[in-house]
Amino acid sequence: MGSKAQSTKGRSFQKPKGTRDFYPLELLRRRYVTETWRAVSIRHGFEEIDGPTFEHAELYTVKSGEGILSELFSFSREGGDDLYALRPEFTPTLARMYAAQAASLPKPCRWFCIPNFFRAERPQRGRLREFCQWNCDIIGEGFGTALDGELEIVAVGALSTLGMTPTNCQVSNFHRNIWTRIFGHAGIPEQQFASWFDWVDRYFRLTPEQRMEYALRFGASQKQVTDMTGVVQVMNGEAQAQAGSIDEHVIREVTAPSAAALAAVSDHFRDTGFDGWFKWDATLVRGLAYYTGTVFEVLAEGERAIAGGGRYDNLIELFGGPATPACGFGMGDVVLGNLLTDHGLMPGADGDAGALMDAVQNVTTGALGSVSLRPDVFVVSADEDADGDVVPLVAQLRRGVESDTWRERGGKPWDADRYAIPPMHARPTDKATRNLKKLLQDAERARARFCAIVHTEGRVQLKDLDKREDLAHPSKGDWSASPVDEHYVGRRWSAIRNG
RNA sequence: GUGGCUGUAGCUCAGCUUGGUUAGAGCACCAGGUUGUGGUCCUGGGGGUCGCGGGUUCAAAUCCCGUCAGUCACCCCA
């Protein structure tokens with residue numbers, strides 16, 4: 001080590017711009033994040049997939065136009081005609097894969113992947129040319145309207161597991177159709193919608209004067225700018241509508257259907273115990289033209305978006321599949337890594353290799369909750385009055401119960417004693433039926449080990465699906481859906497798993 | 001594609017404004033010693049094309065030009 005390592009022969013090589021070398025400690029840090037992503041995905045009922053690292057370049061230009069080629073690493077075989085490109089995102093691959101098998105896939109289909117992506121951009125903080133990104137997508141309709149909310153909760157679940165809280169991190173939400181309706185109502189021609197989305201997107205990055213100038217340049221009128229400024233202010237709750245702009249009641253009326261969809265997302269945050277994370281932001285529209293409904297971004301102070309996603313209801317069709325609604329998000333490892341490090345939430349950031357090894361060990365082998373590919377429990381409702389208890393119970397089981405000792409100590413997210421009851425793989429049904437027999441079939445088809453049947457007043461009946469027998473509580477008979485109870489149903493298979 | 005900052009030992013950096021003897025520090029590494037077997041302390045040691053190229057000068061890490069690389073921001077953001 002101490003002697004001169006470089007030979008006078010040979011030349012030295014540098015890693016390509018915007019790429020990273022992962023020495024042992026760095027790779028462990030990455031695994032801490034990716035294994036957490038994986039565990040959280042599985043617990044939320046998502047299945048892991050992957051696709052090729054490169055695709056026909058056309059797959060990307062068909063969606064985004066030829067202009068995107070300059071941001072791709074593209075190549076062709078020596079003497080070959082086909083142009084390929086390293087994948088810059090997963091959505092086209094996903095749409096292609098889904099379209100190819102659409103008829104035989106379950107509806108909805110919950111898929112995740114944690115692949116590397118490549119973009120030929122200029123690197124800067126939080127943006128590299130090769131990075132790792134977690135993608136979660138729900139494709140196809142369930143009976144519920146909560147698909148978007150369900151999806152967002154997965155992202156929040158991961159951040160929460162990694163130690164982020166609503167005080168330093170929130171999910172900004174909006175619905176693109178709120179704007180298209182407003183645009184329509186304001187008499188803006190459809191060809192100008194894209195420009196107006198850009199305008200909305202830049203709202204907080206430009207001064208009022210710049211906003212006016214920007215709008216006039218693409219052919220808007222002064223009145224329209226005044227109107228839209230008023231709409232942003234009303235929507236964000238910053239002010240009453242100003243004189244001369246669109247009346248607040250009119251705004252509410254025009255946008256009611258889309259606002260209701262957003263409210264459903266907000267409700268889902270509440271039902272799953274993540275209320276504080278949800279935020280409205282009327283200026284959040286996201287650049288991509290393919291979003292058709294809700295759009296969201298996970299934001300934290302001082303960082304670019306940690307995750308972003310939304311609803312894309314006509315993309316599967318674009319890739320040759322049947323018309324299928326879908327929503328998804330992506331979360332990159334670069335920004336997240338910066339964020340965790342800055343908040344003291346990255347194990348081994350101080351070079352403590354032992355702590356880092358323990359952290360990865362805990363995440364992967366079970367001290368923090370083993371990840372069962374088979375669902376630990378399938379939760380169904382036996383009574384209409386208990387329907388509303390399913391989502392909260394599933395969320396509670398997936399979250400686990402943190403231990404008092406850990407909480408009082410102010411422990412780190414990766415500490416082995418974090419949970420009194422570890423997080424589990426829990427699933428609700430996607431079926432609309434109330435037929436208990438069918439619901440149990442659904443549970444067996446999902447290969448669940450147990451089924452929790454929720455009755456009124458938080459009573460839970462527990463079945464071992466492998467042994468086909470009921471597991472009654474020794475003294476109370478039924479179990480409880482409330483984690484504060486001694487006979488909380490989560491305790492039962494927490495005990496089973498620990499032997 | 002545009003702009004700001006940076007590039008000196010394996011790592012983190014000082015020195016550059018006001019050019020001038022063998023270019024420094026801490027950590028790391030190696031050797032020896034001390035401490036009654038490991039993270040203490042002491043002593044010594046190896047290791048540097050001062051990113052690269054050109055220019056100005058008697059003399060350049062230092063000033064000027066170019067170039068490459070890194071980084072941050074803009075553009076863009078799937």
Side-chain angles (χ1 to χ4, degrees), chain A residues 1-21 23 25-26 51 54-55 57-74 85-96 113 115-137 176 194 197-198 200-202 205-207 210 214 283-292 295-299 302-312 314-315 318-319 326-335 338 342 350-354:
Chain A
M1 294 281 283
S3 64
K4 203 170 188 173
Q6 262 76 22
S7 154
T8 49
K9 294 170 192 162
R11 44 171 294 208
S12 66
F13 290 94
Q14 208 163 25
K15 65 176 161 39
K17 187 199 293 285
T19 62
R20 293 169 288 178
D21 292 329
Y23 291 92
L25 291 183
E26 282 127 22
F54 63 94
E55 293 271 9
E58 270 187 295
L59 187 73
Y60 304 114
T61 53
V62 77
K63 187 190 94 180
S64 312
E66 296 288 327
I68 200 170
L69 277 172
S70 65
E71 286 164 15
L72 298 178
F73 284 105
S74 57
L86 294 178
R87 62 182 169 198
E89 60 165 325
F90 196 70
T91 310
T93 300
L94 180 94
R96 179 177 67 67
C113 60
N116 279 26
F117 296 106
F118 309 86
R119 296 180 189 176
E121 293 176 301
R122 191 113 162 212
Q124 53 186 287
R125 181 174 168 85
R127 280 175 78 175
L128 299 174
R129 287 183 164 185
E130 180 179 11
F131 56 95
C132 183
Q133 190 182 77
W134 176 39
N135 286 258
C136 281
D137 291 271
R176 288 200 137 219
F197 272 121
D198 278 343
V200 171
D201 187 42
R202 287 165 206 267
R205 279 180 282 151
L206 301 179
T207 64
Q210 288 172 319
Y214 187 86
T283 68
L284 182 81
V285 293
R286 294 186 61 75
L288 284 309
Y290 68 73
Y291 286 118
T292 54
V295 284
F296 65 93
E297 274 182 2
V298 182
L299 299 169
E303 296 288 349
R304 63 180 68 247
I306 299 154
R311 188 87 178 215
Y312 50 94
N314 40 32
L315 208 57
L318 181 63
F319 289 95
C327 54
F329 72 83
M331 183 184 295
D333 75 316
V334 184
V335 177
N338 288 340
D342 290 351
D350 54 0
D352 185 345

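Residue numbers start from 1 in every chain, and the chains themselves are labelled A, B, ... in the order their sequence lines are given, proteins ahead of strands.
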Interatomic distance where [atom1] belongs to [X] and [atom2] belongs to [N] [whole Å]:
{"X": "A/F117", "N": "B/C77", "atom1": "CZ", "atom2": "C1'", "result": "14 Å"}
{"X": "A/K17", "N": "B/A69", "atom1": "NZ", "atom2": "C1'", "result": "7 Å"}
{"X": "A/E71", "N": "B/G1", "atom1": "CD", "atom2": "P", "result": "13 Å"}
{"X": "A/F197", "N": "B/C77", "atom1": "CZ", "atom2": "C1'", "result": "17 Å"}

With both distances under 3.5 angstrom, what nucleotide forms a Watson-Crick or G-U wobble pair with [N]?
{"N": "B/G44", "value": "B/C30"}
{"N": "B/A61", "value": "none"}
{"N": "B/G36", "value": "none"}
{"N": "B/U67", "value": "B/G51"}
{"N": "B/C74", "value": "B/G1"}

By side chain to side chain donor-acceptor pair (under 3.5 Å) - contacts of A/Q124 (at least two apart) | A/R304

Applying side chain to side chain donor-acceptor pair (under 3.5 Å), name anything that partners A/T283, two or more places apart in sequence or on another chain.
-> A/D281

Name all residues meeting the side chain to side chain contact (heavy atoms under 4.5 Å, CB included) criterion together with A/S74; count only those two or more places apart in sequence or in a different chain, and write none if there are none.
-> A/L83, A/A85

Lys/Arg N to Asp/Glu carboxylate O, A/R20 vs A/E26, below 4.0 Å | no

With a distance cut-off below 6.0 Å to the six-membered ring centre and an angular limit of 45° from the axis, does A/R129 pair with A/F73 as a cation-pi contact?
-> no

Has A/E58 got more than 12 heavy atoms of other residues, nucleotides or ligands less than 6.0 Å from its CD?
-> no

State whether the side chain of A/R119 and the backbone N or O of A/E89 hold a donor-acceptor pair below 3.5 Å, judged by distance alone.
-> no

Using the C1' atom in both, what is the distance from B/G55 to B/A60, to the nearest Å?
-> 11 Å

Please identify each residue that fulfils salt bridge (Lys or Arg N to Asp or Glu O under 4.0 Å) with A/E303, with sequence neighbours left out.
-> A/R125

Between A/D198 and A/G18, which is nearer to the 5' end of RNA chain B once each is assigned its nearest nucleotide?
-> A/G18

First of A/R286 and A/L128 reached from the 5' end of RNA chain B, by closest nucleotide | A/L128

Flag side-chain contact, heavy atom, 4.5 Å: A/T91 against A/Y290 | yes

For nucleotides 51-53 of chain B, give me every protein contact, N/O to N/O, under 3.5 Å, one pair per line with atom names.
none

Pick out the pairs of N or O atoms, protein on one side and nucleotides 73-75 of chain B on the other, that lie under 3.5 Å.
unit_1, atom_1, unit_2, atom_2, d
B/A73, OP2, A/R125, N, 3.3
B/C75, N4, A/Q124, NE2, 2.9

